[in-house]
**Q** 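A single structure is presented below for examination.
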Amino acid sequence: MALATQPYKGARDFYPEDKRLQKYMFGIVRDTVERFGYEEYDAPILEPLELYLAKTGDEIVNEQTYVFEDRGGRKVVIRPEMTPTVSRMVAGRRQELAYPLRWYSIPNLWRYERPQRGRLREHWQLNVDIFGEHDMKAEMETIQVADAILKRFGATHDMYTVKVNSRKLMDFIMKEYLGLSTVQSQMAAKLIDRMPKMPLAEFQAEAEAIFTPSQRETGASNKLIGLLKIKQISHLPEAVREHESAKELKLLIELLKDARISNVVFDITVMRGFDYYTGIVFELFDNHPENNRSMMGGGRYDGLVGLFGVESVPTVGFGWGDVTLQNFLEGHDLLPNIRPETDVYVVLIGDIYAKAQKVIEDLREMGANVAVDISGRKADKQIQTAVKKGVRYAMFIGENEIKEELYEVRNLVTGVAERHSVSRIVSIVKDYREETS
RNA sequence: GCGGAUGUAGCUCAGUUGGUUAGAGCGCUGGAUUGUGGCUCCGGAGGCCGUGGGUUCAAGUCCCAUCAUUCGCCCCA
């Protein structure tokens with residue numbers, strides 16, 4: 001059997017047109033987060049298994065990561081997320097860093113599971129984190145960053161919804177208000193996470209099953225179901241509404257609205273899967289009818305840095321996968337047609353290769369990206385190659401051009417051809433590059 | 001890990017109740033005055049019909065397995 005040309009299951013090849021798109025997307029993302037003062041960091045793709053076991057130790061590590069033994073017998077994981085890694089880095093230099101710390105990264109991450117829409121085994125994920133700030137202004141800022149990114153892509157607020165909730169508030173509801181045990185709370189949390197995509201009757205049946213008979217008698221299960229239908233903090237029962245975490249959440253929503261992020265809502269079903277969240281959690285939902293899903297999420301996780309045996313550092317951050325971002329942008333038609341980096345494709349007319357070198361060198365020294373057709377084919381074939389590559393300009397070099405030092409340059413999209421000097425041609429292609437970047 | 005759908009040329013697909021050497025469009029490639037693309041005309045390459053078994057005189061077609069793709073579930077970084 002022949003060798004397969006397809007990439008590894010759930011992973012992608014980035015052909016030049018794909019890489020071009022990725023560079024465009026990440027370029028806008030980097031530019032935006034850097035405007036908020038975030039600094040880029042990176043780390044090895046491999047981490048010791050213990051790093052993840054310390055954090056959770058559940059199914060995610062055992063069944064959904066790439067784990068192997070290195071030649072020295074150490075258990076190694078291909079990183080499935082960046083949060084433990086960045087927590088490790090902060091813990092390592094906690095005393096010399098200038099807080100509040102604003103860091104970002106776009107690592108390539110791997111998880112072992114069955115691929116589906118918006119979820120591959122391999123993806124790139126923007127991680128934006130603020131370390132060292134207890135105040136809710138940190139949550140506020142990270143949501144502003146996420147919103148600013150979408151704005152830079154041309155998205156408007158009707159295209160997505162910012163959903164916020166609080167783990168602290170949910171803990172209070174589960175334990176104090178409903179009187180659930182820790183185990184019951186965890187079961188309820190997972191069930192609530194699934195609620196948006198299951199029928200109400202089914203949800204009610206499963207919710208009932210979590211409660212003990214005596215709890216059901218006091219109406220605790222009905223109280224839970226009633227709470228989950230609430231869409232505004234002001235509609236929560238007074239005992240819940242007056243809790244500190246509910247007030248904080250309410251203030252966050254007000255601040256965001258004042259900052260013209262009008263598409264923010266309280267959503268009690270937003271839980272986030274990880275146990276490490278300790279406070280406010282949030283998600284951005286795509287409002288597109290055919291892609292109605294969470295495209296990114298994050299929140300406060302104050303305990304992770306402290307796992308490294310140092311004083312804890314309060315942290316807020318989010319992760320945003322390139323696949324879900326791209327699905328969003330495609331769904332709302334926000335991705336332009338991105339041309340290759342090559343500005344000029346040189347078409348050689350006749351046996352002129354050697355004589356053309358000087359001109360080509362001049363073009364490059366002046367900053368133009370120039371590809372030369374070295375096939376020796378007839379001009380029409382050379383032009384077609386340029387068109388197929390998507391290069392904007394074809395430049396013709398023959399005996400006459402060399403003699404006159406004027407070269408025909410043709411815009412391959414409009415078909416307009418003019419004769420210009422080398423320096424004029426460079427300024428034309430640079431102008432075009434400016435226009436489209 | 002569980003369930004459904006789909007695998008024929010680079011792409012989109014046709015291929016009768018099993019029956020000669022498997023087809024189309026687009027794309028690719030060569031040519032139609034060797035200094036200029038997109039239209040037109042003529043020629044050409046390209047397929048172990050996903051893979052492996054089975055049934056049959058005969059399998060692209062029927063059966064089983066397997067792999068891949070895809071949609072959902074579980075789970076969610």
Side-chain angles (χ1 to χ4, degrees), chain A residues 1-2 4-10 12 15 47 52 55-56 58-66 77-86 105 107-127 189-191 193-194 197-198 202 270-277 281 283 290 293-299 301 304 317-324 345-352 373 375-391 393-402 407-417 419:
Chain A
M1 197 170 125
T5 56
Q6 36 185 215
Y8 175 74
K9 183 185 180 74
R12 296 165 289 173
Y15 283 84
E47 290 281 4
Y52 302 95
K55 193 197 67 181
T56 49
D58 59 2
E59 180 188 31
I60 284 166
V61 176
N62 296 325
E63 295 173 21
Q64 301 202 328
T65 54
Y66 284 83
V77 173
I78 301 178
R79 63 188 176 194
E81 57 164 332
M82 201 59 170
T83 303
T85 298
V86 71
S105 186
N108 191 217
L109 308 175
W110 290 77
R111 57 188 160 211
Y112 192 82
E113 66 170 347
R114 194 145 170 188
Q116 53 186 289
R117 178 172 170 79
R119 253 194 125 176
L120 306 175
R121 286 182 167 179
E122 157 274 323
H123 73 150
W124 302 75
Q125 188 192 57
L126 168 68
N127 278 254
K190 300 216 161 170
L191 182 60
D193 208 27
R194 279 160 55 211
K197 52 177 168 180
M198 59 198 296
E202 192 182 323
V270 169
M271 294 295 289
R272 307 295 302 151
F274 272 137
D275 291 338
Y276 57 61
Y277 288 112
V281 289
E283 291 185 345
E290 282 168 24
R293 57 187 296 157
S294 169
M295 67 172 133
M296 63 79 79
Y301 53 102
L304 270 193
F318 67 74
W320 196 340
D322 66 325
V323 182
T324 53
Y345 193 82
V346 168
V347 175
L348 297 177
I349 307 295
D351 184 15
I352 200 78
D373 193 299
S375 69
R377 292 172 301 175
K378 291 196 290 188
D380 60 339
K381 298 297 177 193
Q382 297 186 49
I383 293 168
Q384 277 177 29
T385 299
V387 170
K388 193 170 178 183
K389 286 178 187 292
V391 179
Y393 293 100
M395 175 175 164
F396 297 86
I397 303 180
E399 292 289 352
N400 298 340
E401 283 82 359
I402 296 279
Y407 306 87
E408 181 177 328
V409 60
R410 185 187 306 185
N411 181 323
L412 292 171
V413 174
T414 63
V416 174
R419 292 173 82 82

**Q** Between P on rC76(B) and CE on M82(A), what's the gap in Å once rounded to a whole number?
**A**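 So the CE-P distance, M82(A) to rC76(B), works out to 22 Å.
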
**Q** How many whole angstroms separate atom CZ of R12(A) from atom C1' of rU69(B)?
**A**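 Roughly 16 Å, once rounded to whole Å.
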
**Q** Base, sugar-phosphate or nothing for L109(A)? Non-hydrogen atoms, less than 4.0 Å.
**A**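 L109(A): no heavy atom of the nucleic acid under 4.0 Å.
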
**Q** Look at K388(A) and rG37(B) and indicate whether a side-chain polar atom (N or O) is within less than 4.0 Å of OP1 or OP2.
**A**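 Answer is no, no contact under 4.0 Å.
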
**Q** Assign R79(A) to base, sugar-phosphate, or nothing according to its heavy-atom contacts below 4.0 angstrom with the strands shown.
**A**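 No contact.
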
**Q** Which nucleotide in the set rG37(B), rC75(B), rA77(B) lies at the smallest distance from any side-chain heavy atom of E113(A)?
**A**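 Comparing rG37(B), rC75(B), rA77(B) against the side chain of E113(A), the answer is rC75(B).
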
**Q** Look through every strand shown and name the nucleotide pairing with rG38(B) as Watson-Crick or G-U wobble, where both distances are under 3.5 Å.
**A**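 Base-paired to nothing in any strand shown.
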
**Q** Looking at K381(A), does any N or O in its side chain come under 4.0 Å of the phosphate oxygens OP1/OP2 on rG38(B)?
**A**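 So the side-chain polar atoms of K381(A) never come under 4.0 Å of the phosphate oxygens OP1 or OP2 of rG38(B).
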
**Q** Given the structure, check if the side chain of R111(A) and the base of rC75(B) hold any donor-acceptor pair shorter than 3.5 Å.
**A**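 For R111(A), whose side chain was compared with the base of rC75(B), there is no donor-acceptor pair (under 3.5 Å).
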
**Q** Mind calculating the distance between CG (L191(A)) and C1' (rC75(B)) to the nearest angstrom?
**A**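 Whole-Å distance recorded here is 14 Å.
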
**Q** To the nearest 0.5 Å, how far apart are CZ in R12(A) and CG in L120(A)?
**A**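 CG of L120(A) is found 5.5 Å from CZ of R12(A).
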
**Q** What integer number of Å spans the P atoms of rG3(B) and rA9(B)?
**A**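 About 29 Å, rounded to a whole number of Å.
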
**Q** Tell me the partner of rG72(B), counting only Watson-Crick (N1-N3 plus N6-O4 or O6-N4) or G-U wobble (N1-O2 and O6-N3) with both under 3.5 Å; none if nothing fits.
**A**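 rG72(B) is paired with rC2(B).
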
**Q** In whole angstrom, what separates I352(A)'s CD1 from rU36(B)'s P?
**A**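 Rounded to the whole Å, the gap is 16 Å.
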
**Q** Indicate, with a heavy-atom threshold strictly under 4.0 Å, whether E283(A) touches base, sugar-phosphate, or nothing.
**A**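 E283(A): no heavy atom of the nucleic acid under 4.0 Å.
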
**Q** Which part of the nucleic acid, if any, lies within contact of G321(A), taking any heavy atom under 4.0 Å across all strands shown: a base, the sugar-phosphate backbone alone, or nothing?
**A**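 Nothing: the residue G321(A), judged by heavy atoms under 4.0 Å, touches no strand.
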
**Q** Using whole Å, report how far CD of Q116(A) lies from P of rA68(B).
**A**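 After rounding, the gap between these two atoms is 17 Å.
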
**Q** Considering only the P atoms, how many Å lie between rC2(B) and rG10(B), rounded to the nearest integer?
**A**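 Comparing P positions in rC2(B) and rG10(B) gives a spacing of 33 Å.
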
**Q** Start at the 5' end of RNA chain B and walk down; is the nucleotide closest to N400(A) or to Y8(A) reached first?
**A**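 Looking at the nearest nucleotide for each, N400(A) comes out on the 5' side.
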
**Q** Heavy atoms from C-beta onward define the side chain here; which of rG35(B), rU69(B), rU34(B) lies closest to that of K378(A)?
**A**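 Nucleotide nearest to K378(A)'s side chain: rU34(B).
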
**Q** For R377(A) and rC28(B), give me the distance from atom CZ to atom P, rounded to whole Å.
**A**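 Between P of rC28(B) and CZ of R377(A): 12 Å.
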
**Q** Taking all non-hydrogen atoms of both residues, which atom of E81(A) and which atom of L109(A) are closest, and how far apart?
**A**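 The pair with the smallest heavy-atom distance is CA-CD1, 3.7 Å.
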
**Q** Hey, are the side chains of V281(A) and Y301(A) touching, using non-hydrogen atoms and a 4.5 Å cut-off?
**A**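 With C-beta onward as the side chain, the pair stays apart.
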
**Q** How many Å lie between CE on M271(A) and C1' on rA77(B), as a whole number?
**A**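 For the pair M271(A) CE and rA77(B) C1', the rounded distance is 17 Å.
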
**Q** Counting only distance, no hydrogens or angles, is the base of rG1(B) paired donor-acceptor with the side chain of R114(A) under 3.5 Å?
**A**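 Absent.
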
**Q** Describe the nucleic acid contact of R293(A) in one word from base, sugar-phosphate, nothing, applying a heavy-atom distance below 4.0 Å.
**A**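 No contact.
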
**Q** Are OP1 or OP2 of rC75(B) and a side-chain N or O of R194(A) less than 4.0 angstrom apart?
**A**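 Indeed, a polar side-chain atom of R194(A) lies that close.
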
**Q** Which class fits the ring pair Y112(A) and Y66(A): parallel under 30°, tilted 30 to 60°, perpendicular over 60°?
**A**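 The arrangement is perpendicular - the two ring planes meet at more than 60°.
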
**Q** CD1/I352(A) to CD1/I402(A) distance, rounded to the nearest 0.5 angstrom?
**A**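 Reported to 0.5 Å precision, the distance equals 5.0 Å.
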
**Q** Name the pairing partner of rC26(B), where a pair is Watson-Crick or G-U wobble with both distances under 3.5 Å, or state none.
**A**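 Pairing partner, where one exists within any strand: rG10(B).
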
**Q** Please measure how far the C1' atom in rU56(B) lies from the corresponding atom in rA68(B), and state the result in whole Å.
**A**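 rU56(B) and rA68(B) have their C1' atoms separated by 29 Å.
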
**Q** Please state the C1' separation for the pair rC57(B) and rC42(B) - nearest whole angstrom.
**A**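 Rounded to whole Å, the distance is 44 Å.
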
**Q** Any strand is fair game: report the nucleotide pairing with rG19(B) by Watson-Crick or G-U wobble, both distances under 3.5 Å, or none.
**A**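 Per the H-bond distance test, rC57(B).
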
**Q** Should rG46(B) form a Watson-Crick or G-U wobble pair with both distances under 3.5 Å, which nucleotide is its partner?
**A**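 Paired with no nucleotide.
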
**Q** Considering only the C1' atoms, how many Å lie between rC62(B) and rU55(B), rounded to the nearest integer?
**A**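 That atom pair is separated by 8 Å.
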
**Q** Does Q382(A) get its side chain close enough to the base of rG35(B), under 3.5 Å, for a donor-acceptor pair?
**A**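 Between rG35(B) and Q382(A), which were checked side chain against base, a qualifying N/O pair under 3.5 Å is absent.
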
**Q** For the pair made of CG in N411(A) and P in rG38(B), what is the distance, rounded to whole Å?
**A**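 About 16 Å, once rounded to whole Å.
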
**Q** If you measure from CZ on F396(A) to CD on E401(A), what distance do you get to the nearest 0.5 Å?
**A**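 It is 9.0 Å, given to the nearest 0.5 Å.
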
**Q** Between Y8(A) and W110(A), how do the two ring planes meet: parallel, tilted or perpendicular, split at 30° and 60°?
**A**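 Answer is tilted, since the angle falls between 30° and 60°.
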
